[in-house]
Amino acid sequence: INEDKLSRIIKKYEIKSVIHLAGYKSVAESVTNPSIYYSNNLGILLSVLNVMLKENCNNFIFSSSASIYRQKKDLSSFNENADLHYLNPYSHTKLIAEQIIESMFKKSNINYSILRYFNPAGAHESNLIGEESTAMPNNLFPYICKVATGKLPYLKVFGNDYETKDGTCIRDYIHITDLSAGHVKSLRYTIDNNKNTKINLGSGSFASVMEVITEFNKINDKEISFQIHPRRDGDMAASYADITLAKTLLKWEPKKSLKEICNSALLWERTI
Ligand code: UDP
């Protein structure tokens with residue numbers, strides 16, 4: 001990244017706040033090609049932080065990830081003080097990024113919100129913005145949408161022998177527009193309060209892989225074919241958020257249900 005050019009842009013447009021979304025996000029890709037994850041998610045981040053310090057940019061919002069929480073034995077929800085841990089280069093970059101931000105901005109007048117995303121899914125209600133990847137999807141939602149629309153033959157369910165209700169992993173799926181509203185609220189909070197936060201953005205509830213399949217079967221004319229496969233390396237049995245902090249501090253609350261997430265994701269998939 002060209003720091004001088006970034007400096008010029010920040011000066012020219014008098015930019016005071018930065019929402020940094022430019023990270024790579026595939027766990028699988030980070031395992032096969034860790035170096036691009038460290039260069040992009042950390043190297044480029046460093047340049048952005050350097051330029052912000054130099055140009056007196058005051059507010060920073062960063063996309064972190066719930067994948068930095070350590071699995072709990074009782075499979076309960078994570079609050080922001082839960083133990084941290086990483087299982088792959090992707091989550092390693094997020095964990096280090098949080099530490100770098102904290103350390104570099106400690107003695108500055110920059111305030112930041114670190115947002116720990118759970119499982120974003122779904123598409124914008126206009127049906128003009130959604131997720132599209134040229135590569136084979138790894139995540140549950142893009143994959144199941146392709147099965148629902150007949151673009152892929154069946155879903156592989158990675159493990160049905162976890163210590164959960166139906167044996168499949170449970171996750172906290174959050175609608176993408178709820179997530180984006182969380183960014184606006186956290187920026188407002190950061191600007192108004194001159195405080196730093198690390199905060200969970202999730203729905204606060206959870207669904208198993210089988211429950212997601214059931215939800216799709218309710219809205220789709222064709223049943224989701226699936227096969228049970230062995231556990232996927234590095235998967236946690238349970239990951240879902242305690243969102244008390246986001247509710248109280250940001251006055252933010254997710255509005256969309258799992259049904260709406262599935263509906264919007266499927267509608268989007270039919271258009272691409
Ligand atoms: N999953 C699955 N089949 C797939 C993709 C995902 O069974 O083709 C499961 C995966 O094991 C996990 C959940 O769906 O329990 C969510 O996975 P995803 O990759 O979407 O997000 P992650 O929580 O791993 O970031």
Side-chain angles (χ1 to χ4, degrees), residues 23-32 37 41 63-72 75 77-78 82 84-95 115-123 130-133 135-176 179 200-217 220 223-241 258 261-262 264-266 268-269:
Y24 289 149
K25 68 164 197 83
S26 161
V27 170
E29 190 183 41
S30 82
V31 173
T32 49
Y37 274 70
N41 290 9
S63 320
S64 188
S65 163
S67 64
I68 64 174
Y69 288 124
R70 183 191 293 277
Q71 180 70 80
K72 292 194 197 170
L75 307 189
S77 64
F78 296 116
L84 304 181
H85 174 67
Y86 68 89
L87 288 169
N88 50 65
Y90 165 71
S91 55
H92 196 196
T93 65
K94 293 296 175 186
L95 189 54
L115 306 179
R116 293 180 177 155
Y117 302 173
F118 280 72
N119 287 58
E131 187 172 2
E132 190 179 8
S133 167
M136 182 66 113
N138 291 305
N139 295 117
L140 179 63
F141 264 79
Y143 205 104
I144 201 170
C145 283
K146 296 214 181 300
V147 176
T149 52
K151 296 174 192 169
L152 287 171
Y154 65 91
L155 175 74
K156 295 175 190 153
V157 174
F158 296 132
N160 67 346
D161 56 353
Y162 286 97
E163 299 289 303
T164 57
K165 209 168 45 181
D166 61 24
T168 63
C169 295
I170 57 178
R171 292 289 182 274
D172 180 331
Y173 298 99
I174 173 164
H175 196 283
I176 194 73
L179 189 73
N200 286 342
L201 291 183
S203 69
S205 58
F206 58 79
S208 70
V209 178
M210 289 313 296
E211 284 169 335
V212 174
I213 293 176
T214 305
E215 208 56 56
F216 269 88
N217 284 340
N220 199 31
E223 289 246 314
I224 301 290
S225 307
F226 67 89
Q227 286 180 8
I228 306 296
H229 276 244
R231 293 181 178 195
R232 186 171 69 175
D233 263 1
D235 264 347
M236 286 198 264
S239 168
Y240 59 101
L258 181 64
I261 296 176
C262 297
S264 66
L266 189 55
W268 166 255
E269 186 65 41

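Order of listing sets the numbers, starting from 1, for every ligand and every atom in it. If you read the sequence from its start, that first residue is 1, and numbering goes on from there.
- Given atom 24 (O) of ligand 1, the protein heavy atom at minimum distance is R232 NH2, 2.9 Å.
- Summarising the geometry of E131 relative to P142, their closest heavy-atom pair is OE2-CG, 3.8 Å, with the distance given to 0.1 Å.
- Protein heavy atom at the shortest distance from atom 12 (C) of ligand 1 is R171 NH2, 3.8 Å.
- Atoms of ligand 1 found under 4.0 Å from any heavy atom of N138 (numbered from 1 in listed order, with element): 5 (C), 19 (O).
- Residue-level proximity to ligand 1 for V209 is carried by the side chain, the only part with a heavy atom below 4.0 angstrom.
- Among all non-hydrogen protein atoms, the one lying nearest atom 4 (C) of ligand 1 is F158 CE1, 3.4 Å.
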Practice item. Kindly determine whether N200 and Y240 satisfy side-chain hydrogen bond (donor to acceptor under 3.5 Å, both in side chains), including the steps that lead there. Key: CA-CA 10 Å; N200 286 342; Y240 59 101; over 6 Å; no
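- The cationic atom of R171 (NZ for Lys, CZ for Arg) does not lie both less than 6.0 Å from the six-membered ring centre of F206 and within 45° of the ring axis.
- Evaluated by nearest non-hydrogen atom to atom 10 (C) of ligand 1, the leading choice among I144, T164, T168, D235 is D235.
- When each of L87, T93, L95 is tested with I68 by the rule side chain to side chain contact (heavy atoms under 4.5 Å, CB included), just one qualifies, namely L95.
- Of all atoms in ligand 1, listed by their number and element, those nearer than 4.0 Å to a heavy atom of V157 are 7 (O).
- At a heavy-atom cutoff of 4.0 Å, ligand 1 is contacted by the backbone of K156 but not by its side chain.
- The protein atom (non-hydrogen) at minimum distance from atom 25 (O) of ligand 1 is N119 ND2, 3.9 Å.
- Looking from atom 20 (O) of ligand 1 to the surrounding protein, the closest heavy atom is L140 N, 2.8 Å.
- Within 6.0 Å of atom CG in N217, more than 12 heavy atoms from other residues, nucleotides or ligands are found, so the atom counts as buried in its surroundings.
- Nearest protein heavy-atom neighbour of atom 18 (P) of ligand 1: N139 ND2, 3.5 Å.
- With sequence neighbours left out, the side chain to side chain donor-acceptor pair (under 3.5 Å) criterion links D166 to T168, S208.
- Using cut-offs of 30° and 60° for the angle between ring planes, the Y154 and H229 rings count as parallel.
- For atom 15 (O) of ligand 1, the nearest protein heavy atom (residue, atom name, distance) is C169 CB, 2.9 Å.
- Side chains of S239 and Y69: no donor on one and acceptor on the other come within 3.5 Å.
- Residue, atom and distance of the protein heavy atom nearest to atom 13 (C) of ligand 1 are Y173 OH, 3.7 Å.
- Contact detail for C169 and M236: the closest heavy-atom pair is SG-O, 3.5 Å.
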